[in-house]
Amino acid sequence: MPSTINERNQSADIFRLLLIFMVVAIHVNVFSEIRKINFFTVDGYFRMAVPIFFIINGYFFQQYVTDKFLFRKWLCRALLLFAVWQIIYLPMYIPTDGLTPQYIAVFISQALFGYHHLWYVAAMASGGVILYYVKDLRYALLLCVSLFIIGWILQYARIFLQADSLMFKVFSQYWIFRNGLFFGFPMMFIGVYIAKNNLIEKLSKTRCVILLFFSFLLFSLELCLTNIYLFKKISYHIDFIISLLIFCPLLFILLMKSNVVYFTHLKSKSFALIAAAVYFVHPYVIFFLEKYLNLSVSLLYALTLIFSLIVAFLLFSLRKKLFFIF
């Protein structure tokens, strides 16, 4: 297993690709024709992907929180990444149907908090800033759990509001809760906590597997209760699932405990970079496929993965010239 937090782990980096496939499945709503399956996958198990990405960010971020120069370098890099992709996706969210107050408000929120999938980069940058300044706070772990729970509450607030009310519209805006404060920081802090306390070394593989199994049962129970009691009359995409606070760190630790090398001729980081490229480009691929082809959801998903991987490999081959995009 890695002896320091700077060493790559091929199992974890390869798993990133699987997580990206989950993200793409979420964005094409892959099981939309079967409501119950769609809920337990697209709005359930696949939602492990983004928290694990944030935990990975936090784990490797540990080296930056102790050095002001390194932190500034990391932040500049994150802001550059956000700005570049926001510009690349500008045609997708710039108002084209007139400058009404509603369109302008939506545009401003997307410009600040990220268009579509780019909310992740904005949340990573802002979460990293919060993390840097609270790194030595005595009760930081309690704070991050509390903030995540607040985000969970805000996520479900609209269920208890009248559908035509102003507050319903306000709480229907995902940036209200899906941001660096309630999502990015808590999950990144968990990654830092794992690194700082050397939990990968301390937690045995057997104990990790047992805890992961029971946390998966808890994960499944929470989804069942949400589906039965909260989504009786209304349903929408969710991001906050309380049990992910336990399940995702355990899964990450288990992956990092593996020292298996599947591909000796490829650097482990290559898989992470390809996964990142797929993440950034796949919404454009979905857009063009839906615009010019009439496809079933399953075929749309398959073609999105294929074309996104092709573009990702192309960008990867040009990564030295295009260092600013991933």
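In this text, all values refer to a predicted model and were calculated from it rather than measured experimentally.
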Got a donor-acceptor contact below 3.5 angstrom from the [X] side chain to the [Y] backbone?
| X | Y | result |
| --- | --- | --- |
| Ser308 | Leu305 | no |
| Lys257 | Cys208 | no |
| Ser258 | Leu255 | no |
| Asn9 | Ala12 | yes |
| Gln62 | Lys196 | no |
| Ser126 | Ala122 | yes |
| Asp67 | Phe69 | yes |

Linked, directly or transitively: [X] and [Y] (ILVMFWY side chains, under 4.5 Å):
| X | Y | result |
| --- | --- | --- |
| Phe160 | Ile176 | yes |
| Ile87 | Phe107 | no |
| Leu244 | Leu142 | no |
| Leu18 | Phe313 | yes |
| Leu322 | Val121 | yes |

Answer yes if the side chains of [X] and [Y] hold a donor-acceptor pair under 3.5 Å, and no otherwise.
| X | Y | result |
| --- | --- | --- |
| His27 | His117 | no |
| Asn38 | Asp43 | no |
| Ser172 | Tyr236 | no |
| Asn57 | Tyr120 | yes |

Run the side-chain contact (heavy atoms from CB on, under 4.5 Å) test on Phe252 and Ile190 for me, step by step, so that the C-alpha distance in whole Å, both residues' side-chain angles and the decisive distance to 0.1 Å come before the verdict.
CA-CA 11 Å; Phe252 170 71; Ile190 289 173; over 6 Å; no
Please check if atom [atom1] in [X] has more than 12 non-hydrogen atoms from other residues, nucleotides or ligands closer than 6.0 Å.
| X | atom1 | result |
| --- | --- | --- |
| Phe168 | CZ | yes |
| Glu33 | CD | no |
| Arg77 | CZ | yes |
| Asn198 | CG | yes |

Within the structure provided, determine whether [X] and [Y] are in side-chain contact (heavy-atom separation under 4.5 Å).
| X | Y | answer |
| --- | --- | --- |
| Tyr301 | Leu289 | no |
| Tyr193 | Pro249 | no |
| Met256 | Tyr59 | yes |
| Val129 | Tyr132 | no |
| Trp85 | Phe280 | yes |
| Ile130 | Met188 | no |
| Leu90 | Tyr115 | no |
| Leu315 | Leu318 | no |

Please test Arg16 against Phe53 for side-chain contact (heavy atoms from CB on, under 4.5 Å), starting from the C-alpha separation and ending with a verdict.
CA-CA 8 Å; Arg16 287 197 197 195; Phe53 286 139; 4.1 Å; yes
I need the [X] [atom1] to [Y] [atom2] distance, nearest 0.5 Å.
| X | Y | atom1 | atom2 | value |
| --- | --- | --- | --- | --- |
| Ser215 | Leu212 | OG | CG | 4.5 Å |
| Ile159 | Leu230 | CD1 | CG | 4.5 Å |
| Leu131 | Leu137 | CG | CG | 11.0 Å |
| Leu293 | Leu299 | CG | CG | 8.5 Å |
| Leu112 | Gln110 | CG | CD | 10.5 Å |
| Ile253 | Lys202 | CD1 | NZ | 11.5 Å |

Ion pair check, Asp239 and Arg47, cut-off under 4.0 Å:
yes
Taking ILVMFWY side chains as joined if any heavy atoms are under 4.5 angstrom apart, and letting links pass through other members, which residues group with Ile228?
Leu221, Leu225, Tyr229
Under 4.5 Å between side-chain heavy atoms, chaining through other members, with only Ile, Leu, Val, Met, Phe, Trp and Tyr counted: pull out the rest of the cluster around Ile210, sorted by chain and number.
Phe213, Phe214, Leu217
Cation over ring, Arg319 on Phe316, under 6.0 Å and within 45°?
yes
What is the ring orientation for [X] with [Y], classed by angle as parallel under 30°, tilted 30 to 60°, or perpendicular over 60°?
| X | Y | value |
| --- | --- | --- |
| Tyr284 | Phe287 | perpendicular |
| Phe185 | Phe189 | tilted |
| Phe148 | Phe183 | tilted |
| Phe46 | Phe31 | tilted |

Over all atoms of both residues, closest heavy-atom pair of [X] and [Y]:
| X | Y | result |
| --- | --- | --- |
| Ile242 | Ile149 | CD1-CG1, 3.8 Å |
| Trp74 | Met124 | CH2-O, 3.3 Å |
| Val23 | Ala49 | CG2-CB, 3.8 Å |
| Leu303 | Val285 | O-CG1, 4.5 Å |
| Tyr93 | Gln86 | OH-O, 3.0 Å |
| Phe323 | Lys320 | CD2-O, 3.8 Å |

My understanding is that only residues two or more places apart in sequence, or in another chain, count here; which of them pass side-chain hydrogen bond (donor to acceptor under 3.5 Å, both in side chains) with Glu222?
Ser243
Is the distance between the ring centroids of Tyr174 and Phe177 under 6.0 Å?
yes
Do Trp175 and Phe113 make the cut of ring centroids closer than 6.0 angstrom?
yes
Stepwise side-chain contact (heavy atoms from CB on, under 4.5 Å) check, Met187 with Leu245
CA-CA 8 Å; Met187 288 299 175; Leu245 287 170; 3.8 Å; yes
Report the C-alpha separation of Ser220 and Tyr45 in whole Å, then their side-chain angles, then the decisive distance to 0.1 Å, and conclude whether the side chain to side chain donor-acceptor pair (under 3.5 Å) test is met.
CA-CA 8 Å; Ser220 301; Tyr45 300 120; 2.8 Å; yes
Arg35 and Asn227: CA distance, side-chain angles, deciding distance, side-chain contact (heavy atoms from CB on, under 4.5 Å) verdict:
CA-CA 11 Å; Arg35 184 196 169 278; Asn227 186 48; 3.2 Å; yes
